Asks: 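Let me give you the structure first, and then I'll get to my questions.
Quick caveat: nothing in here was measured; it's all calculated off a predicted structure. Remember, it's 1-based here, ligands and their atoms both numbered in the order they're listed.
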Amino acid sequence: MAAARMSTRAPVARSQPFAPQALGRSSSTCFQGRCVARAAHTARRSVRVFVVKAEDKTVVIGLAADSGCGKSTFMRRLTAVFGGTAKPPAGGNPDSNTLISDMATVICLDDYHALDRTGRKEKGVTALAPEAQNFELMYEQIKAMKDGKPVQKPIYNHVTGLLDPPEEIKAPKILVAEGLHPFYDERVRELMDFMIYLDISDEVKFAWKIQRDMAERGHSLESIKASIEARKPDFDAYIDVQKKHADVVIQVLPTQLIPDEKEGKVLRVRMIQKEGVKFFNPAYLFDEGSTISWIPCGRKLTCSFPGIKLYYGPDTYFGEAVSVLEMDGAFDKLEELIYVESHLSNTSGRFYGEVTQQMLKNSSYPGSTNGTGLFQTVCGLKIREVYERITQNTVMPVVG
Ligand SMILES: Nc1ncnc2c1ncn2[C@@H]1O[C@H](COP(=O)(O)OP(=O)(O)OP(=O)(O)O)[C@@H](O)[C@H]1O
Ligand SMILES: O=C(CO)[C@H](O)[C@H](O)COP(=O)(O)O
């Protein structure tokens with residue numbers, strides 16, 4: 001299945017190193033800042049190819065999750081990996097959902113709601129229903145940006161519940177499409193170079209919602225419960241089903257270290273990494289392909305109750321081979337993460353200790369002492385690697 005998906009999502013020629021001499025005589029033309037080298041026919045094959053210059057390619061990353069599941073926090077960690085501060089488009093709508101940094105632009109797929117709040121009420125559908133999304137426009141605009149073209153993207157205003165006039169979004173180096181349905185529509189899904197799903201268990205989602213919506217937004221416990229219940233059938237039908245497509249799923253569950261702990265204070269976090277995905281090598285603990293359960297607490301790692309347990313091993317997920325990295329518990333001293341990091345491989349860090357450095361830099365974000373922060377950080381480094389590997393050598397066949 002992975003191979004089948006790869007063949008459609010990542011053109012085969014893309015993996016081949018860019019070797020101008022192999023193309024024979026070539027000419028080049030530029031369109032909207034993108035240079036295209038057109039190869040002369042080679043001796044053996046009559047194939048025309050064009051080469052998108054590395055620095056011109058837009059890599060598309062999809063991040064799927066329900067609302068309130070940590071997408072914004074993940075985005076802050078990701079932008080930190082690429083450097084620069086993420087800001088809404090300058091001088092634009094103050095209620096814009098877009099964040100632009102030096103390399104990455106994060107668009108929120110809520111902007112492709114086809115129905116506004118009143119429209120949904122009239123039709124009796126939730127914001128999670130496919131009929132409340134404009135997948136056609138989502139596809140056209142993500143495709144246009146992938147092709148280097150600017151788009152006039154609509155804005156869904158969460159303050160008013162209305163669709164505001166569009167904003168111009170230029171094609172970035174990295175386009176992150178985050179929201180409820182990045183992998184639901186097949187055509188949109190095929191545009192994704194790398195797909196991540198944040199899978200937060202019901203218990204933990206409830207705990208986070210209570211923390212945010214009660215403490216920060218003044219909602220009552222009953223209204224939070226009612227809202228979660230009302231969304232659940234559509235969540236199961238249209239959002240949860242997307243996780244089978246993801247290259248990485250970050251699954252957040254209640255701890256197994258304390259029996260019956262459901263408050264979400266201690267978390268068991270699993271990074272489910274699909275095998276055989278182009279440009280992506282799963283991270284592992286100690287020894288690739290083996291099964292390891294490790295309690296690092298002791299002389300080198302300070303732990304208070306209930307401690308920390310790490311696990312790594314192969315598994316299957318929706319019938320596909322995956323490897324799973326798991327961490328249950330939380331760090332007492334974040335700087336000691338370096339000890340754990342020294343036993344992790346394929347983290348895609350550029351230097352020894354980069355994961356720990358990133359975690360320390362973002363220590364004020366939620367989840368910084370547990371597996372959510374750790375695996376979101378590793379995912380951020382993986383996205384950087386995917387971006388670098390795709391943009392180094394891009395040779396694509398052209399029909400005609
Ligand atoms: N890793 C975490 N550990 C603990 N709490 C977390 C974590 N991530 C998020 N939260 C909690 O969940 C809330 C929502 O997080 P965040 O704003 O990142 O989610 P979101 O998916 O972007 O939400 P929305 O789509 O509703 O804007 C935070 O305010 C925080 O209380
Ligand atoms: O699930 C959501 C994604 O963020 C929102 O509920 C959806 O976008 C509708 O927004 P609002 O509740 O502000 O009308």
Side-chain angles (χ1 to χ4, degrees), residues 63-79 86 95-99 106-121 125-130 132-134 138 154-164 176-182 184 196-201 203-217 219 223-224 226-228 230-232 234-235 238-240 250-255 263-271 327 329-331 359 362-377 379:
L63 175 67
D66 196 4
S67 135
C69 286
K71 294 186 299 287
S72 313
T73 311
F74 189 178
M75 282 307 121
R76 285 154 80 200
R77 287 189 197 281
L78 176 65
T79 345
D95 295 324
S96 167
N97 300 308
T98 303
L99 284 174
V106 182
I107 57 163
C108 174
L109 300 180
D110 294 352
D111 289 334
Y112 294 99
H113 285 332
L115 300 170
D116 62 12
R117 212 174 277 159
T118 315
R120 294 196 300 267
K121 214 170 174 179
V125 294
T126 72
L128 298 92
Q133 326 302 323
N134 189 343
M138 192 189 290
I155 299 175
Y156 178 75
N157 189 322
H158 281 281
V159 180
T160 61
L162 297 169
L163 283 156
D164 283 353
V176 184
E178 64 96 344
L180 297 169
H181 305 89
Y184 189 84
I196 300 154
Y197 185 95
L198 298 183
D199 185 13
I200 314 297
S201 67
E203 296 96 323
V204 176
K205 202 191 280 187
F206 188 53
W208 287 2
K209 275 255 177 208
I210 289 176
Q211 181 194 325
R212 184 181 72 170
D213 294 354
M214 266 179 94
E216 297 167 25
R217 300 185 179 177
H219 297 184
S223 72
I224 296 169
S227 136
I228 290 181
R231 289 171 72 99
K232 180 92 174 113
D234 280 0
F235 173 80
Y238 311 121
I239 312 301
D240 194 61
I250 298 183
Q251 191 180 43
V252 183
L253 303 155
T255 183
E263 281 177 54
K265 290 205 175 103
V266 184
L267 299 174
R268 174 179 166 228
V269 187
R270 307 178 82 223
M271 186 177 176
M327 174 176 159
F331 296 104
M359 289 280 281
N362 302 320
S363 60
S364 63
Y365 299 174
S368 287
T369 57
N370 63 36
T372 58
L374 174 62
F375 296 142
Q376 285 181 6
T377 301
C379 252

Asks: Just jot down the ligand 2 atoms closer than 4.0 angstrom to any heavy atom of His158, in number order.
Replies: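 Checking each atom against His158, I get 4 (O), 7 (C), 8 (O), 10 (O), 11 (P), 13 (O).
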Asks: Please classify the Glu178 to ligand 2 contact at 4.0 Å (heavy-atom distances, strictly less than): side chain, backbone, both or neither.
Replies: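 Answer for Glu178: neither.
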Asks: For atom 14 (O) of ligand 2, what is the nearest protein heavy atom, given as residue, atom name and distance?
Replies: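 Looking at atom 14 (O) of ligand 2, the protein heavy atom closest to it is Tyr156 OH, 2.6 Å.
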Asks: Please name all residues satisfying ring-ring contact (aromatic ring centres under 6.0 Å, His included) with His219, sequence neighbours left out, ordered by chain then number.
Replies: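 Testing His219 for ring-ring contact (aromatic ring centres under 6.0 Å, His included), a comparison that skips the adjacent residues, returns none.
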Asks: For Tyr365, does the six-membered ring have the charged nitrogen or CZ of Arg76 within the cation-pi criterion, i.e. under 6.0 angstrom from the centroid and within 45° of the normal?
Replies: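 Yes; both conditions hold, so Arg76 lies above the ring face of Tyr365.
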Asks: Just which atoms of ligand 2 are under 4.0 Å from any heavy atom in Asp110?
Replies: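 Within the 4.0 Å cut-off of Asp110, ligand 2 contributes 3 (C), 4 (O), 8 (O).
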Asks: Would you call Leu374 and Met359 a side-chain contact if the rule is heavy atoms closer than 4.5 Å?
Replies: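 A side-chain contact exists here, since the closest heavy-atom pair is under 4.5 Å.
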Asks: Who pairs with Lys265 by side-chain hydrogen bond (donor to acceptor under 3.5 Å, both in side chains), at least two apart in sequence or on another chain?
Replies: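 Glu263.
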Asks: So if I count the atoms of ligand 2 from 1 in the order they appear, which ones are less than 4.0 Å from some heavy atom of His113?
Replies: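 The atoms of ligand 2 under 4.0 Å from a heavy atom of His113 are 7 (C), 8 (O), 9 (C).
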Asks: Might you point out which heavy atoms bring Ile155 and Asp95 nearest each other, and give the distance in Å?
Replies: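 Answer, listing the atom of Ile155 first, then Asp95: CG2-O, 4.0 Å.
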Asks: With sequence neighbours excluded, what pairs up with Ala132 under the side-chain contact (heavy atoms from CB on, under 4.5 Å) test?
Replies: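 side-chain contact (heavy atoms from CB on, under 4.5 Å) list for Ala132, sorted by chain: Leu115, Arg120, Val125.
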Asks: For ligand 2, which atoms have a heavy atom of Ser67 less than 4.0 angstrom away?
Replies: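 Numbered from 1, ligand 2 contributes 1 (O), 2 (C), 3 (C), 4 (O).
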Asks: Test Asp66 against every option in Lys209, Lys205, Lys232 by the side chain to side chain donor-acceptor pair (under 3.5 Å) rule and name the one that passes.
Replies: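 The single option meeting the side chain to side chain donor-acceptor pair (under 3.5 Å) with Asp66 is Lys205.
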Asks: For ligand 2, which part of Leu180 has a heavy atom less than 4.0 Å away: the side chain, the backbone, both, or neither?
Replies: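 Side chain only.
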Asks: Should Trp208 and Pro366 count as side-chain neighbours, where that means a heavy-atom distance under 4.5 Å?
Replies: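 No, too far: nothing below the 4.5 Å cut-off.
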Asks: Is there a donor-acceptor pair under 3.5 Å between the side chain of Ser201 and the backbone N or O of Val252?
Replies: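 Yes.
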Asks: Checking a contact table here: which protein heavy atom is nearest atom 1 (O) of ligand 2, and how many Å away?
Replies: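 The protein heavy atom lying closest is Arg231 NH2, 2.6 Å.
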Asks: Just jot down the ligand 2 atoms closer than 4.0 angstrom to any heavy atom of Ala127, in number order.
Replies: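 That gives atoms 7 (C), 9 (C) of ligand 2.
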Asks: Residues around ligand 1, heavy atom under 4.0 Å from any ligand atom, sorted by chain and number. Can you pull those?
Replies: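 Answer by chain and number: Asp66, Ser67, Gly68, Cys69, Gly70, Lys71, Ser72, Thr73, Trp208, Gln211, Arg212, Pro366, Gly367, Thr372.
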Asks: Who's the nearest protein heavy-atom neighbour of atom 9 (C) of ligand 2, and how far?
Replies: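 In this structure, atom 9 (C) of ligand 2 has Arg120 NH2, 3.5 Å as its nearest protein heavy atom.
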Asks: Val176 versus Thr79: any side-chain heavy-atom pair under 4.5 Å?
Replies: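 Of all side-chain heavy-atom pairs linking Thr79 with Val176, none is under 4.5 Å.
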Asks: Determine whether Ile239 and Arg231 make a side-chain contact, defined as any pair of heavy atoms from C-beta on separated by less than 4.5 Å.
Replies: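 Of all side-chain heavy-atom pairs linking Arg231 with Ile239, none is under 4.5 Å.
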